[in-house]
Structures are given as structure tokens and as C-alpha cells.
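All values below were derived from every heavy atom in this structure, side-chain atoms included, with hydrogens, water molecules and symmetry-related copies excluded.
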Amino acid sequence: MTHKKTETDTENIYNFENFFEISADFICIAGFDGYFKRINPAVSEVLGFSEEELYSRPISSFVYEPDLKNTLETREQIYKNKPLLNFENRYLTKSGEIIWLSWTSMPFESEKLVYAIAKNITFNKRIEIERNALLSNLTQINKELVVLSHKTSHDLKSPINNMLSVFDLIDISKIIDPETLELVHLLKLTSENLKNTLNSSIDQLVNNENINTQIETISLQQSLNEVMASINSLIQDSKAIINVDFSAYDTIAFNKSYMKSIFLNLLSNAIKYAKPYQNPMITISSKIENGINQLIFADQGSGFDMDRVKDKIFGLYEKFHDNQDSNGIGLYLVYNHVTNLGGRIAVESKLNEGATFTISFKY
């Protein structure tokens, strides 16, 4: 039975042609030879090329170079009679603008043709890029705040412990005035509450990344003196012996707050993990090795079993000694302070034979 073309068929064809002409999407018919065979006006309008240019040049010549390899590989799959759905690539307009297209293509192997529709998704891609950039920026800010929280909470612990030690040295039996006695008691209680609050905050902090810091010329001796003054009671009570030699160099391009944090954490750890019934013995010195400025921090304390701790020594919340004040934060901060500014830190240690930290600075 032969179907005769009716008026309805003619109207349907006309409607299709009308749709083809006014569609904002790309509607294309391409040959297996890599050339357009038919395109709707949207292709020329968006790309900026005339129809003659679009028909006379290979389709691949309009593809943005970084996407060309993937586009050609995908096209080969279409030629093997595999439909293509939601394939994204970039095209270059005649003016040099990059546009994003999302393709749906159906091959007709018997005709050696590919029928394709592409949506211009450039606006959505720009929104996505801006959103990702914003999320990346917010993530970095969040990481910076986490690191700052780690540093602030942890670095305040030693001065607070120092203050509590002072209260322990006060002989309250010699205080006659009841108001003064109450004030001392209140100050001690407040300090203990502050210590508990800091410890609680440290427990709630999560892993973090680098923060951007200002580099300046600083004095190792001055930074060390400020730290030692802040924990003077801890040093005095422990009867620590600290030998310092910055004769190789004293000034270094670094961040001052980072340097003070490094000294604070290494000093407090050396005192905290000294051998029982022995005065802490600490040596701090500068050294130039193969043109690289190094800071050597050595103690004769309990040390580490390096076979056991391995690369965990600088990990967050990693603890290797039974000490109620240990939170696994100190060496993590030291490592991040050094590496954030392009330096390196190494440790040599044996159990009950102390530890030597060697910091190599970038500048």
C-alpha cells in the first residue's frame, strides 16, 4: 500500500522547517567525512562564521584546541553507531570567544550522517566556575580559621600553665586580708577554667591546611627570649638547662609568630618529656649547611621509638607518651609552620636518648 502525501504531511514538514529555522539550539547534520551538511541559523549566529565558512571547513577546526583530542576520539565512537548524549566541549567563535556546548548526537551509519543538537551552556558554565571559585575561597578561609584556632588555643596553654604554677607557689597561709585571699582564689579558679576551655576547644578542632603568612627579618635570639619569658615559671620549676648558640646566624626571613610558636612547642615538649628525676637538657643552635640556614633543637629527654612512630610524628592528634597534658598538637604545628613557608624539618631520635630536630629554612 502506497502512502500518498497529504495536506497534513505538507503542514508537518513546514512546521519542522519552521522549528529548524527559529530554534536557539544548534541543529546540525554532519557527514562521516567531518563536514557540516546542514545547519540551522543559530550555528552561524552564535559562532559568528558565515554559512559558507561553516560548510567549507572541517568541523574540528572550530573546536577549542584543548578539547580537540577528546572530541575526535568521541566522534570515532559515533561513527561506530554509538549515540552520544550530553557530551560537552568548547568551540571558538570567529571573534575568539570560547563557548561551551552540550551535544546529543545520533548516527545513521547507512547514510553516513550524524544528526545532532547542541545547547549553548556557556552561561551555566560561567556560573559553575564562579561558584567553584567561591567555594574554593570559602574552603581556604575556613582552613585558615581552623589553623588559627589550633595555634591560638595551643600556644596559650603554656602561659596559662605558667600562671597556674605561680598560684601554686603562693603561700596563702600568709595572706591575712580575706578580700585578697578571695581574689587570689578567684584568679586561680578563672585560670583553671580558661585552661579547661582551651583543652576542650583543642579537642573539637579538625584537620586543616596552610595559612598565608607574612615573611619578615626576625631575630632568633629575640624570639626565643620572648618565649622563655612567657614560660619562665615552667623553666624555673623544671630546672631546665638551656644552651643557646646562634653564632652561625641570628637573623632569618620567617614569620615571627610562627618562630615563637616553634620555640614554644619544642621547648615545652622538651621540658614536659624530660627523663624522670633529671633536669631537662636542651641545646638550641643555628647552623649553615651547604648554604642552607638550619635551626638545631636537641634535648636529652625520653625521645621516640622511630621504628614505631615513623612518619606519624608530625601528625595531628598523634600522641606517643602517656602525659595528661599531651594533645598531639605541638609537633603538628611546628611541622606546618616550617613547611608552610617552604622549609623542611627532620628528626633523629632514640627511645630514652632524646631527640634532635633539624629545621632547614627556605630563605
Side-chain angles (χ1 to χ4, degrees), residues 1-140:
M1 181 176 179
T2 304
H3 175 75
K4 295 182 180 180
K5 184 181 291 186
T6 66
E7 184 177 337
T8 301
D9 293 328
T10 304
E11 184 179 346
N12 288 338
I13 293 173
Y14 172 77
N15 288 338
F16 172 77
E17 289 294 332
N18 192 35
F19 169 77
F20 187 88
E21 292 295 324
I22 68 173
S23 175
D25 295 334
F26 287 19
I27 302 178
C28 313
I29 301 175
F32 278 22
D33 59 358
Y35 285 81
F36 286 123
K37 302 305 179 183
R38 188 175 180 189
I39 55 176
N40 70 331
V43 180
S44 180
E45 291 171 5
V46 174
L47 294 181
F49 294 98
S50 66
E51 288 193 359
E52 182 180 353
E53 290 173 307
L54 290 166
Y55 284 128
S56 64
R57 290 169 49 181
I59 298 173
S60 58
S61 67
F62 303 107
V63 177
Y64 185 46
E65 178 63 30
D67 293 351
L68 184 56
K69 182 176 183 293
N70 188 35
T71 299
L72 293 176
E73 291 174 351
T74 303
R75 182 189 297 175
E76 290 301 318
Q77 296 301 311
I78 299 176
Y79 294 165
K80 295 176 182 178
N81 209 32
K82 295 181 180 179
L84 180 67
L85 303 175
N86 302 318
F87 173 74
E88 296 180 2
N89 66 356
R90 291 168 288 182
Y91 273 51
L92 271 180
T93 67
K94 192 169 185 177
S95 63
E97 181 186 359
I98 298 172
I99 65 167
W100 280 90
L101 297 172
S102 177
W103 294 89
T104 296
S105 304
M106 302 297 295
F108 280 79
E109 190 174 10
S110 60
E111 301 176 6
K112 301 298 181 183
L113 294 175
V114 178
Y115 293 78
I117 296 177
K119 289 186 175 294
N120 186 347
I121 59 171
T122 305
F123 178 76
N124 292 338
K125 280 293 182 179
R126 287 174 181 168
I127 295 297
E128 181 182 343
I129 291 171
E130 291 175 1
R131 182 194 64 184
N132 290 339
L134 178 61
L135 288 174
S136 177
N137 187 43
L138 290 175
T139 300
Q140 180 62 24

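For the atom pair CZ of Arg75 and CG of Asn89, the computed distance is 10.0 Å after rounding to the nearest 0.5 Å. The distance from the CD1 atom of Ile39 to the CD1 atom of Ile29 is 11.0 Å, given to the nearest 0.5 Å. Note that CD of Glu73 is 10.0 Å distant from CG of Leu68, once rounded to the nearest 0.5 Å. Of the inter-residue distances, the one linking Asn86 atom CG with Ile121 atom CD1 reads 9.0 Å to the nearest 0.5 angstrom. Taking CE from Met106 and CG from Asn81, the interatomic distance works out to 8.5 Å, rounded to the nearest 0.5 Å. We find the CZ-CH2 distance between Arg126 and Trp100 to be 12.0 Å, quoted to the nearest 0.5 Å.
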Next item on the list: I would like to know whether Thr71 and Ser60 meet side chain to side chain contact (heavy atoms under 4.5 Å, CB included); could you show each step before the answer?
Entry: CA-CA 8 Å; Thr71 299; Ser60 58; over 6 Å; no

Margin query: Let's go through Ile99 and Leu47 carefully: what are the C-alpha distance in whole Å and the side-chain angles of both, what is the deciding distance for side chain to side chain contact (heavy atoms under 4.5 Å, CB included) to 0.1 Å, and is it a yes or a no?
Written below: CA-CA 9 Å; Ile99 65 167; Leu47 294 181; 3.6 Å; yes

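Between Arg90 and Lys125 the shortest side-chain heavy-atom distance does not fall below 4.5 Å.
The main-chain N or O of Tyr115 is never found under 3.5 Å from a side-chain atom of Ser105 such that the two would form a donor-acceptor pair. Asn40 places a side-chain N or O within donor-acceptor distance of the main-chain N or O of Asp25, the cut-off being under 3.5 Å. Using a distance-only test at 3.5 Å, with no hydrogens or angles considered, no donor-acceptor pair links the side chain of Thr104 to the main chain of Leu85. Under a 3.5 Å cut-off, the side chain of Tyr79 and the backbone N or O of Pro107 do not form any donor-acceptor pair.
Between Gly48 and Lys94, the shortest heavy-atom distance links the atoms O-CD, 3.4 Å. The nearest pair of heavy atoms linking Phe26 to Ala42 is CE1-O, 3.6 Å. The two residues Tyr35 and Ser56 make their nearest non-hydrogen contact at CE2-O, 3.4 Å. Of all the heavy atoms in Gly31 and Leu113, the pair that sits closest is CA-CD2, 4.0 Å.
Glu76 and Lys80 are not joined by a salt bridge, as no carboxylate oxygen comes within less than 4.0 angstrom of a charged side-chain nitrogen.
Taking a 6.0 Å sphere around CD of Glu52, one finds it holds 12 or fewer heavy atoms contributed by other residues, nucleotides or ligands. More than 12 non-hydrogen atoms from other residues, nucleotides or ligands lie less than 6.0 angstrom from NZ of Lys37.
With sequence neighbours left out, the ring-ring contact (aromatic ring centres under 6.0 Å, His included) criterion links Phe36 to no other residue.
Of the candidates Phe49, Tyr91, Tyr55, Phe62 forms a ring-ring contact (aromatic ring centres under 6.0 Å, His included) with just one, namely Phe49.
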